[in-house]
Amino acid sequence: MSVLWILFVCSLVVLPGIALLAFRWAMRQGEFRHLEKTALSIFDDDEPVGQTTDCFPGGQRGKKPAPTRPPNPISRPRLPEA
Amino acid sequence: MNYGPILFLGIFLTVASSWCGLVLIPHLQFGRQQPVKIEETGELYPQSRPGIAQQGMAVYQANGCIYCHTQQVRAEHFGADIARNWGQRRTVARDYIFDKPVMLGTMRTGPDLTNIGLRQNSVTWHLQHLYTPVITSKGSIMPPFRFLFEQRKIGAKPSPDAVPLPKEYAPEPGYEIIPKAEAKALVQYLLSLKASAPLPETR
Amino acid sequence: MNAASPSILAALSPSDNEELAQRRAVLAEIDASCRGPLLFLFSGSIIWLLVGTVFALLASLKLHNPEYLANYSWLTFGRVRPAHLNAVIYGFASEAAIGVTLWLMCRLCRTPLLFGWIINAAGVFWNLGVTIGVVAILAGDSTGIEWLEIPPYATPILFVSYALIAVWGVITFRFRREKHLYVSQWYLLAALFWFPWIYSAAQILLVLDPVRGTVQAAVNWWFAHNVLGLWFTPIGLASIYYFIPKVLGKPVYNYSLSVLGFWSLALFYNWNGMHHLVGGPMPAWLITVSIVASVMMTIPVITVGINHHLTMWGSFRELKTSPVLRFMVFGGMSYTLTSLHGIALALRSVSEVTHFTHSTIAHSHQGMYAFFTMVMFGAIYYIMPRVLQVDWPSARLIRVHFWAVAIGILLYVFPLIVGGTLEGMAMTNPDVPFVDAVKPSVVSLTLPYLKTRSYSGMLIFLGHLAFAISFGWIVLRWAQAGRLARLKTSLARV
Amino acid sequence: MNSPTSTPSSSPGNDPRSRGRPAGVKDLAARDPLEHVEPGESQRPISLMLVIFLATLFSWAGYYAHRYGGGYEPLIYNENAYGLAAAKTNAAEKLDPYALGQRVFGNTCARCHQPDGLGLPGQYPPLAGSEWVLAPGPARMIRIVLDAVQGPIPVKGATFDNVMTPWRDTLNDEQIAAVITFVRTQKEWGNTASPVTPEEVAAIRAKTKARSAAGPWTVAELQALPDQEPNP
């Protein structure tokens, strides 16, 4: 069952090692700061608030009166100049 | 936000923990069990299966018997397995040490087969049942395994292998139903299914 | 652009505002880069979906009509059933999951799909592996291990394919432009990491060099339950976490809860599997540990449930107008239901009755279909118009698809849970015969429910046909509108 | 690195994109009551309900694992072996012999002799009205159930050539007595012979202990036996 020991070493030494490195890197990248603001990261600035972005083909979108979105606190990367 | 770090490490450690807990430790704990000598009979139990039963196991695997039949008997206080006479005792890990793969199963569309070799030891019965299950078990929804048999013209005299069948299921006159090697092996495998030796840990 | 479909595309159309135009061009570029690989993966998965549904129907019909197609060894129940499972799990669900993962990763990382050829190659290998596997199972070459029936000569192909996808995932993540990690990305990354671990460990310990005795069963159920828990569930939840807020245009109810939900899922789900062996030849502690972990699953289930349902709260009328939302919300509700049901099923006192019965099958379909597959449908409905820049051709087909599969799966799950429980109550009463020609027996009791299942299967198949037609049609439309779309993309780039 | 203080571009005042728009996430929450839980900058305290809920779950988990964990021993399969319920025995319910016999018949004998006791013509002999079943004494029938019988065997004018399954190792005296009683006294089949006691079975089991190794009985051997067994 030598194969089992290889898996054992992998699971207890190698992978946690990778995990630690990945974690250190993530910390340095600032991954864990401002966790809650991340909820907004899926939206673009121009996306309407409270208005659905999907509907049946040819159909009408939900007509909920919506205010414009406040500026997204998250900085957006820009498309590199072509 | 300081709980983030601990959790990030968790993604790797969680799966490693269950790998150790549900795979590695069981292997170290009961993955190396050996046969034991049964006091009453003086024989070692369990014993590995004879070759033809091993071939039968391959037939059992190939035709997916596992999807309807279990091979495990639950304890007396848990379910009605023992009251239904599917076994005299619960099964334990030692009963399966020679099985590759272990086919415990998770569905009982059909009855448990752990002790079918003790409950029904007639080759003829098994062959009839495999050929058309409703011959012996009326109301059964088991599929017939007629492709494990061949219909042959009766030669100079009827083959001793021919499966005796009731009139309504018999082939047209002049023909007989002969089990293929797979069917014979499968029956030998079924007959080898016995887990009755009194092991100390089955209390 | 097609006049009949202005609504979705409006969000992606060029704008007078230069700032906005550039922003939309980013999305358009990301979506366009995903086009080839996604078309390939989604087409493959839909073909497997149809194939898998046919196998499912055959298996279901055979259960209450054992003489149906009984003389063909390839089509015996014990081969059609695993063929169904492998076709839908590895063919349909995994392929759709990979496709949705790709798109979500690109969108969330804000980076175009790099090295699309890697994904295309992976897709070819994956389909090849699954095809060989399913044919081998039908030919009687199954390994006889549940959820791992694909024989050892086909699995390396799947491994190659998966390795390519994982490499791609790492590359994309490395070159991402969005530094914030949304909760969906956590789920996706975790799934991409977890799946190869459990799959390779199970292959090695069960097929290549089997461990001894019932340890095999432990490994088997550790794997089989984790395929759901660590592969499909994270991708399904990642999709819901992205699409419900995205479609509604409002952020998720409570982001901190979503973090708690994610980590408690990671911590407890992978300890669950052994409850498939309650009462079996396993030391008491192993099963007890899994039951405890199952009950602890209430934490992620409730937190995820709160987030999904309260994000939706007050927006239910949008269900009328958005097909994506319909599928997503159906999936999210099913996730809550099926998880709570699963927790109950793990308890010893419940398991004593329901174990070994059709209610287990109902439960797994509630998880794999009512939750995961519905979410995948919703995701595909959202992704395709954006990727192809063409809207879905027919609202009616989408409606047929939704209602057929929604009613179909409800008609499947709930009667079968009832039937399975009655079956279990009969099975634990030794005075009820197991099978009997005249008297009520365990077998005869289940027959009406098994027949209901066949009808629901036909309904689901109808829904899948509508979906496949819809998909083929939108691809056709895209091919026709190709020139126009290319022009539009290049305009948007300016 | 994405914090508003460290990255000028993300600060609303500095970002050209946000000119003319309302600033701050909180404004949105004020306008739309549906979004009253819009995540803000500050960390909300964890709900007390949640803490109590988690604490309850974890205590339950500890209790359950301890109570049903079987001491984490590899050879302990019974979840009740340790802990509070160690004393709890799972005594099987006592059934009256007829009910037990019916159960044993349904789960073992009916596979061949069929639930109606009529057997299968040409395959498995009937028990209803069979002269072997209705013999004055149960001596032969007990032997047949214990160690089986080898055909050909005449039953009700037909001959059956088959081998029966022995039940010596799989049924106990009580079960055998009950099932034989059930078959011999089953009025629906027209059987009205005398019942059998577990003691009678035990006696014959002991007497024929050596016989079991020799395989099933033959018809000639059984016919040579007296109808009535001398009382044990």
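From a predicted model like this one, the values you see are computed outputs, not experimental measurements. Note that these values count all heavy atoms, side chains included, but never hydrogens, waters or copies made by symmetry. Chain identifiers are assigned alphabetically (A, B, ...) following the order of the sequence lines, protein sequences preceding nucleic acid strands; residue numbering begins at 1 within each chain.
Considering CZ of R119(B) and SG of C109(D), their distance stands at 12.5 Å, rounded to 0.5 Å. The CG atom of D169(D) lies 11.0 Å from the CG atom of N115(B); values are rounded to the nearest 0.5 Å.
In this structure a side-chain-to-backbone donor-acceptor pair under 3.5 Å is present from Y77(D) to A93(B). Remark: the backbone N or O of T170(D) is paired with a side-chain donor or acceptor of Q88(B) at under 3.5 angstrom. T165(D) places a side-chain N or O within donor-acceptor distance of the main-chain N or O of N121(B), the cut-off being under 3.5 Å. Between the side chain of R94(B) and the backbone N or O of L75(D) there is no donor-acceptor pair closer than 3.5 Å.
S196(B) does not touch chain D: none of its heavy atoms, backbone or side chain, sits under 4.5 Å away. For a residue to count as touching a neighbouring chain, one of its non-hydrogen atoms must lie under 4.5 Å from one of that chain's; by this rule N162(D) touches chain B with the side chain only. Heavy atoms closer than 4.5 Å to chain B are found nowhere in P115(D), neither backbone nor side chain. With a 4.5 angstrom heavy-atom cutoff, L165(B) touches chain D only via backbone atoms.
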Step-by-step side chain to side chain contact (heavy atoms under 4.5 Å, CB included) determination, W125(B) to Q123(D): CA-CA 9 Å; W125(B) 187 92; Q123(D) 311 291 325; over 6 Å; no
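More than 12 non-hydrogen atoms from other residues, nucleotides or ligands lie less than 6.0 angstrom from NZ of K180(B). Within 6.0 Å of atom CD in E168(B), more than 12 heavy atoms from other residues, nucleotides or ligands are found, so the atom counts as buried in its surroundings. By the neighbour-count criterion of 12 heavy atoms within 6.0 Å, atom CD of E188(D) is sparsely surrounded, having that number or fewer from other residues, nucleotides or ligands.
Top candidate by heavy-atom pairs under 4.5 Å with chain D, chosen from L118(B), V92(B), V123(B), T124(B), is V92(B).
In terms of heavy atoms, Q114(D) sits closest to T136(B) at NE2-O, 2.9 Å. The two residues Q29(B) and Y72(D) make their nearest non-hydrogen contact at NE2-O, 2.9 Å.
In this structure, the side chains of N85(B) and L171(D) come closer than 4.5 Å at one or more pairs of heavy atoms. Residues E201(B) and E73(D) form no side-chain contact, since every pair of their non-hydrogen atoms from C-beta on lies 4.5 Å or further apart. Within the 4.5 Å cutoff, the side chain of H129(B) has no heavy atoms near those of the R111(D) side chain. Side-chain contact between P121(D) and K167(B): absent, with no pair of heavy atoms (C-beta onward) separated by less than 4.5 Å. Counting heavy atoms from C-beta outward, N80(D) and H77(B) have side chains that approach closer than 4.5 Å.
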